[in-house]
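What you see is a predicted model; the values in this text were computed from it and never measured. Just so you know, these numbers use all the heavy atoms, side chains as well, and skip hydrogens, waters and symmetry mates.
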Amino acid sequence: MSIHAVLHHETTYKYDRRVPPAPQLLRLRPAPRGRTQVRSYSIKVEPEGHFLNGQRDAVANWQARVVCPDEVTEFKVTVDRVADMSIYNPFDFFVEEKAETFPFTYSDELKEDLKPYLRHGSATPRLAEFVRSIPKEKIRTIDFIVALNGRIQEAVRYLSRLEPGVQTPEDTLTLASGSCRDSAWLLVQVFRQLGLAARFVSGYLIQLTPDVKSLDGPSGTDHDFTDLHAWCEVYLPGAGWVGLDPTSGLLTGEGHIPLCATPEPSSAAPITGSMSFEGKGDLDTEFGHQMIVTRLFESPRVTKPYTEDQWQAIDTLGLAVDARLK
């Protein structure tokens with residue numbers, strides 16, 4: 001089964017006067033390590049006359065550096081991509097024998113490579129209490145990470161938070177609520193407190209309406225939609241980086257399209273930059289954001305077979321072949 005979904009993403013900044021923009025960093029190109037195949041990708045920056053250079057950051061994420069030599073009254077970024085939403089098994093990975101049961105320790109060589117993803121400060125009171133509450137008896141590593149992801153999902157009520165930045169794990173646990181980036185950063189910090197390497201991931205989440213309603217649980221969204229999203233990845237020897245989405249309590253799937261994975265959330269923002277504004281009064285900025293997902297192609301499947309028109313076309317072709325053979 002295959003569904004090709006077109007994701008259209010526009011971000012616009014409008015200013016009340018002409019301003020000289022500083023270089024802008026865009027982290028909107030799909031990461032090559034993503035398991036969902038991206039069949040096409042394009043990015044357009046306005047106004048024209050800018051310089052755009054592709055580059056990589058220190059941990060090999062794609063970036064685009066945009067420099068506008070002239071003053072502007074608007075800065076707009078438009079991204080289009082086509083993703084093949086073929087379903088895959090998120091548990092289709094191998095864990096080395098020494099890491100099959102938690103707790104385990106990384107080898108000295110691997111621990112050195114993973115240093116940025118193991119770094120953490122002293123646990124604050126609520127974070128320390130949460131870590132202490134986690135059972136310490138031996139358990140299958142896969143069962144452990146699934147259960148911990150589920151605990152974060154239950155402990156933090158999701159809300160759409162428009163304020164910039166990421167909450168501290170202490171604030172998220174105290175409020176018992178947060179956005180996807182807050183839950184993701186909390187899970188990253190909990191893993192690190194437990195000695196597991198973890199990183200923060202920003203990307204897109206595409207959710208499509210299911211063909212049939214679930215018989216024993218939630219049926220999911222009633223319309224196709226997409227949005228920017230954040231989740232966590234934990235490093236398991238043999239498996240590599242395994243994605244966990246604490247907002248849903250599930251492992252990441254075909255709808256998760258990673259853009260950037262970093263040790264800290266601040267270096268994974270989709271767009272960063274500033275304006276070199278030195279005029280009188282405050283600079284009024286109007287922010288616009290639009291995301292649309294549409295279906296470009298759908299293959300017939302058991303839950304959504306051929307339409308009547310498609311069956312008619314097949315019958316017509318069959319009759320034409322029979323006539324030629326005769």
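- Between the side chains of Gln167 and Thr172, at least one donor-acceptor pair of N or O atoms lies under 3.5 Å.
- Within the structure, side-chain hydrogen bond (donor to acceptor under 3.5 Å, both in side chains) pairs that include any residue of residues 175-200 comprise His120-Gln193, Arg161-Asp182, Ser179-Arg181, Ser179-Asp182, Arg199-Glu233 (at least two apart or interchain).
- Using the six-membered ring where Trp is involved, Tyr13 and Tyr15 have ring planes that are parallel, under 30° apart on the 30 and 60° scheme.
- A donor-acceptor contact under 3.5 angstrom links the side chains of Thr168 and Asp171, judged on distance only.
- Atom CZ of Phe225 sits in a crowded spot, with more than 12 heavy atoms from other residues, nucleotides or ligands closer than 6.0 Å.
- A 6.0 Å sphere centred on CD of Glu163 holds more than 12 heavy atoms belonging to other residues, nucleotides or ligands.
- Side-chain contact check for Glu10 and His8: at least one donor-acceptor pair (N or O, by modelled atom type) lies under 3.5 Å.
- In terms of modelled atom types and a separation under 3.5 Å, the side chain of Arg27 and the main chain of Thr272 share no donor-acceptor contact.
- Aromatic rings of Trp241 and Tyr117 (six-membered ring for Trp) have centroids within the 6.0 Å cut-off, being under it.
- Taking the six-membered ring where the residue is Trp, the centroids of His9 and Tyr204 are separated by under 6.0 Å.
- Side-chain contact check for His4 and Arg295: no donor-acceptor pair (N or O, by modelled atom type) lies under 3.5 Å.
- No hydrogens or angles considered: nothing links the side chains of Asp309 and Thr307 as a donor-acceptor pair under 3.5 Å.
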Steps toward side chain to side chain contact (heavy atoms under 4.5 Å, CB included) verdict (Val45, Lys76)
CA-CA 6 Å; Val45 177; Lys76 181 178 181 181; over 6 Å; no

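- Side-chain polar atoms of Arg18 and Thr73 form no donor-acceptor pair below 3.5 angstrom.
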Could you go step by step and tell me if Glu100 and Arg140 meet the salt bridge (Lys or Arg N to Asp or Glu O under 4.0 Å) rule?
CA-CA 6 Å; Glu100 285 183 348; Arg140 288 181 67 233; over 6 Å; no

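- At least one donor-acceptor pair under 3.5 Å links the side chain of Asn61 to the backbone N or O of Ala261.
- A cation-pi arrangement, defined by a distance under 6.0 Å to the six-membered ring centre and an angle within 45 degrees of its axis, is present between Arg151 and Phe130.
- Of the possible polar contacts, none joining the Asp245 side chain to the Thr252 backbone as a donor-acceptor pair under 3.5 Å is found.
- In Gln55, the CD atom is crowded: over 12 heavy atoms of neighbouring residues, nucleotides or ligands sit closer than 6.0 Å.
- More than 12 heavy-atom neighbours from other residues, nucleotides or ligands sit within 6.0 angstrom of NZ on Lys136.
- Residues Trp62 and Pro32 have side chains in contact (heavy-atom distance under 4.5 Å, counting atoms from C-beta outward).
- Between Phe287 and His289, the angle of the ring planes stays under 30°, which puts this pair in the parallel group of the 30/60° scheme.
- Heavy-atom neighbours of Arg56 CZ from other residues, nucleotides or ligands within 6.0 Å: above the threshold of 12.
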